[in-house]
Amino acid sequence: MYKFHRPRGITTIAAVGLLAAGLLVGCAKKDDARATRPAPGTKTPSMQAAPSAAGTASIAGKVTFVGDVPAASALDLNADPVCASTHDSPVMGQDVVVNADGGLMNVFVFVQSGASGNFSAPDAEVVLDQKGCVYEPHAVGVQVGQTLNLVNSDNTTHNVHALSDTNKPFNTSMPIPGMVIPKTFDDHEIFKVKCDVHPWMSSFIGVFDNPYFAITGADGSFKLSGLPAGTYNVVAWHEMYGEKPMQVTVGDGEAGAAAFSYGG
Ligand SMILES: [Cu+2]
């Protein structure tokens, strides 16, 4: 449904490089079959990054929204009293989140092509929590084969309904508070997950075939680090506004820049 597309237009932000080569160090893939809460310290990223790579280049920048920002609307959680009771203040939708400086949150930014190597899945596990009847985080990224733990932190039933395409779709009920269901994915894809019990709940899972991806934080910023020198097709992808490609060249040790904008 949200399968990546090849870049249509290419812009160049360039930088030239020096020397040295990057060697990626990966860790063994973990298998499913656990039903306990992840250990403290388990990665719960909204800004993800820092792959265990030996490359010394990086690409960083900001995703901005230009123009009139759609008004945020409060979610109506009253269909389930358990959900409503967990919040003291209105819960706003997360589909378009723009800060005062125009930073657009929850944008996946990733190397679509140009990275080469055998990118084993990292050991670090990632969490997609259901807390207060909202997915936390709203956008989450993993590598192919990396464990994503679906967690229900609520005293109510959720189901995680994945609307994936190239990865096998699933619809998993999570009726028990504290329940954890580990998932891994076989193919690179960004897809939506929703809860059929609570129709306001949605999140997006990005599965990437290399470690060079990030999700913009509240200020719209992102950073892809650990890159070997090279030319990369970098794509920004937002659930409402689609994707924007850009070609970026970085040399070893260099900090490349990339800026994306939506709206306007
Ligand atoms: Cu739910």
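Indexing begins at 1, ligand by ligand and atom by atom, following the structure's order. One is the number of the first residue; the rest follow in order along the sequence.
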Next item on the list: Please check if the side chain of Glu125 supplies one atom and the backbone of Leu148 the other of a donor-acceptor pair under 3.5 Å.
Entry: no
Next item on the list: Kindly give the atom name of the N, O or S atom of His158 closest to the Cu ion (ligand 1).
Entry: ND1
Note to self: Under 2.8 Å from the Cu ion (ligand 1), can any N, O or S atom of His198 be found?
What the structure shows: yes
Check: Taking the SG atom of each, are Cys133 and Cys83 under 2.5 Å apart?
Finding: yes
Next item on the list: Is it possible for you to check whether Lys244 lies under 6.0 Å from the centre of the six-membered ring of Tyr262, through NZ or CZ, and within 45° of that ring's axis?
Entry: yes
Notebook entry, point to check: Rounded to the nearest 0.5 Å, how far apart are CD of Glu136 and CD of Gln94?
Noted result: 8.0 Å
Check: Can an N, O or S atom be found in Cys195 less than 2.8 Å away from the Cu ion (ligand 1)?
Finding: yes
